[in-house]
Asks: 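Got a structure for you, questions after.
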There are 2 protein chains.
Amino acid sequence: MSTVFAGPFGANVSERAQLPPSLAISTVIFALKPSRAEGKPTLWLPLVRRVKEPFRGQWALPGGPLTAVESLEDAARRNLRETTGLAPEYLEQLYAFGGLDRSSRPEQGAQRVVSIVYWALVRPTEAELLVESERDNVAWHRADTAGHGEGGLAFDHREIVDYALWRLRNKIEYAQIAYHFLGERFTLAQLREVYEAILGRTLDPANFRRQLTATPQIEATDEFLEGGRHRPPRLYRYVGPPTPYPASDHPHPSTLRSTP
Amino acid sequence: MSTVFAGPFGANVSERAQLPPSLAISTVIFALKPSRAEGKPTLWLPLVRRVKEPFRGQWALPGGPLTAVESLEDAARRNLRETTGLAPEYLEQLYAFGGLDRSSRPEQGAQRVVSIVYWALVRPTEAELLVESERDNVAWHRADTAGHGEGGLAFDHREIVDYALWRLRNKIEYAQIAYHFLGERFTLAQLREVYEAILGRTLDPANFRRQLTATPQIEATDEFLEGGRHRPPRLYRYVGPPTPYPASDHPHPSTLRSTP
DNA sequence: TCAAAAGTGTTGAGCGTACACCCATGT
DNA sequence: ACATGGGTGTACGCTCAACACTTTTGA
């Protein structure tokens, strides 16, 4: 019965590949976790194991369909909560992926999917909230190597993660986003470790300190981190705007006014 | 008859607002045209007049639906060709807009639309190719004020144009995209005018020259622009990569390798 | 007292800006 | 010749990288 699958464009069953592309939302969630070998933190992200074809059994970015009653960002947040239990503070659109070969297994009857991908940063305390209930199907992976040893990540998700990594490395150089990896109070050494982990190079502690103390959004508290092996470092606090969109950076389109 | 509008998800007429969001592609096309008053060029973009509700009679970005057999960028190019006759060299994804209030006329039965918006730059020679046949429904507008006097642009297109303007102004400061507004050969003064028009401020000719002559992608030809009122300026040529994605700038996701 | 990290001072290179100045051409 | 834009030289100020140095703690 051709009417069963008849859509607004009049396609029938044999033309299912001709259906209008469907929309999905996925998210690349970055967290910094100390690697066991060194004390140095590295970038990790949660992946979910696919329970359906295609790519059944392989790891994929958390995501799902977009419903009719939510904005794109709302959909990303809802999906994150449902699949991982996470509710990141920092969440920003990354890119819309819509290539024809995204599945890389162009099976007959597989519908074409356009994914609008978001990226997020979570603090260590948030990261611990990752759902443990179905822990076999949700797990942290190293951001740079996830899927390398195994059969690779599902779909084009390895490319997407690489792109998100590129964006993170770029953006951390000109936008104040590193704080989203840390708790409310932090030492400058901790903050420097964040930068070093993401940029992949060491930074001069002296110059780093000067740069950061000159930043108005960084506020020195009168507390110090006790218990270390040496001189206790001062704790700082970030007092900038809560949104991920400082004025001079990457404003969300909806916050823009007409050109003055 | 509920079957008339029955789609793949079985929604009927009264539930049309619950249909999964549909996907459209739109493009903000920038060109630099000399304003009649001054000799200074200003930013213009082509808009199409809507012939259907909603926003019938108002100006909107060129765009259309995404078919099942084309990538997002292909869809943008095809749509540009069909609606405006233009084939820009520079074309890049801008943002995916998916707010619930995009129509700002939330009529009953209006389906929710997610727009993936691209932005493009065209040379003056390309810009002249804008279809004249149906000229009443396709016309150039000033990028900064389009829709101000009238009832405004359709949908959220005024916001989208502002966001594209913001992106253009940002990107021209760190990426080599200004050449896409000019012909193959150009004088440094012409190039400076492009920067001045987009940034909205004057630049020191001497320093601008030094900066640009120090750029390896800018190559001096042995030709000079004759016919001016004064000393003929040298013509230059841009010999950089043809794609809009230089390595250190904003690589297209699909060109990224895994982190080294 | 010593090691190690916190924190300060100083220097030099590079770059962008401002601006004085010379050059070449049409009128 | 002279006005005008093309094109060069130079000096100042700022930022950043490098690195020597002092301070403060735990062991």
Side-chain angles (χ1 to χ4, degrees), chain A residues 34 38-41 169-170 172-176 178 182 185-237 248-249, chain B residues 34 38-41 169-176 178 182-183 185-238 248:
Chain A
E38 303 271 331
K40 308 220 174 182
R169 289 183 178 127
N170 266 272
I172 204 177
E173 299 205 65
Y174 66 88
Q176 301 182 156
L182 295 172
R185 276 141 205 263
F186 48 86
T187 69
L188 291 187
Q190 289 169 341
L191 187 57
R192 183 165 47 82
E193 279 185 338
V194 172
Y195 278 88
E196 290 179 345
I198 291 167
L199 296 178
R201 63 185 151 102
T202 60
L203 300 173
D204 186 310
N207 296 328
F208 184 83
R209 156 179 309 277
R210 254 186 299 269
Q211 260 187 316
L212 271 291
T213 49
T215 305
Q217 288 86 16
I218 299 280
E219 195 177 67
T221 71
D222 50 3
E223 293 177 79
F224 295 79
L225 181 62
E226 315 280 348
R229 282 191 303 273
H230 300 292
R231 173 175 173 180
R234 185 182 289 272
L235 287 169
Y236 291 79
R237 188 199 292 124
S248 63
D249 171 36
Chain B
E38 302 271 331
K40 309 221 173 179
R169 291 185 176 125
N170 266 272
K171 190 149 188 175
I172 204 177
E173 299 205 64
Y174 67 88
Q176 301 182 153
L182 296 172
R185 277 141 204 263
F186 48 85
T187 68
L188 290 187
Q190 288 170 342
L191 187 57
R192 183 165 46 83
E193 279 186 338
V194 172
Y195 278 87
E196 290 180 344
I198 292 166
L199 297 177
R201 62 184 152 103
T202 60
L203 300 173
D204 186 312
N207 297 326
F208 184 83
R209 156 179 308 278
R210 255 187 297 269
Q211 258 188 314
L212 270 292
T213 48
T215 305
Q217 289 86 14
I218 298 280
E219 194 178 67
T221 71
D222 48 5
E223 293 177 80
F224 295 79
L225 181 62
E226 315 280 347
R229 283 192 303 272
H230 300 294
R231 173 175 172 179
R234 184 182 291 272
L235 287 169
Y236 291 79
R237 188 200 291 126
Y238 179 67
S248 63

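Chain identifiers are assigned alphabetically (A, B, ...) following the order of the sequence lines, protein sequences preceding nucleic acid strands; residue numbering begins at 1 within each chain. What's counted below: heavy atoms across the whole structure, side chains too, no hydrogens, waters or symmetry copies.
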Asks: Between P on dA5(C) and CD on E196(A), what's the gap in Å once rounded to a whole number?
Replies: 12 Å

Asks: Give, for atom CD of E219(A) and atom CZ of R185(A), the distance between the pair rounded to the nearest 0.5 Å.
Replies: 9.0 Å

Asks: Between the protein and nucleotides 22-25 of chain D, are there any N/O to N/O pairs under 3.5 Å, and if so, what are the atom names and distances?
Replies:
| from | atom 1 | to | atom 2 | distance (Å) |
| --- | --- | --- | --- | --- |
| dT23(D) | O2 | R231(A) | NH1 | 2.8 |
| dT24(D) | O4' | R231(A) | NH1 | 3.4 |

Asks: Take atom CZ of R192(B) and atom P of dG16(C), then tell me their distance rounded to the nearest Å.
Replies: 17 Å

Asks: Would you give the length of the straight line joining atom CZ of R231(B) to atom CZ of F224(B), rounded to the nearest 0.5 angstrom?
Replies: 8.0 Å

Asks: Can you list, by residue number, the residues of residues 199-214 of chain B that have a non-hydrogen atom closer than 4.0 angstrom to DNA chain D?
Replies: A206(B), R209(B), R210(B)

Asks: What is the separation between atom CD on E173(B) and atom P on dG16(C), rounded to the nearest whole Å?
Replies: 12 Å

Asks: Take atom CG of L225(B) and atom C1' of dT4(D), then tell me their distance rounded to the nearest Å.
Replies: 15 Å

Asks: Between I218(B) (CD1) and dG7(D) (P), how many Å, whole number?
Replies: 14 Å

Asks: What's the shortest heavy-atom distance between T221(A) and L235(A), and which atoms?
Replies: OG1-O, 2.7 Å

Asks: What I'd like to find out is whether the side chain of L212(B) reaches to under 4.5 Å of the side chain of R192(B), using heavy atoms alone.
Replies: no

Asks: What is the distance from atom CD1 of I218(B) to atom CD of Q211(B), rounded to the nearest 0.5 Å?
Replies: 11.0 Å

Asks: Looking at every heavy atom in both P41(B) and A197(B), which two are closest together, and how far apart are they?
Replies: O-CB, 3.3 Å

Asks: So how far is it from L188(A) CG to Y236(A) OH, rounded to the nearest 0.5 Å?
Replies: 4.5 Å

Asks: Of the non-hydrogen atoms in Q176(B) and T215(B), which two are nearest, and what is the gap between them?
Replies: OE1-CG2, 3.0 Å

Asks: What is the distance, rounded to the nearest whole Å, between atom OH of Y174(B) and atom C1' of dC15(C)?
Replies: 21 Å

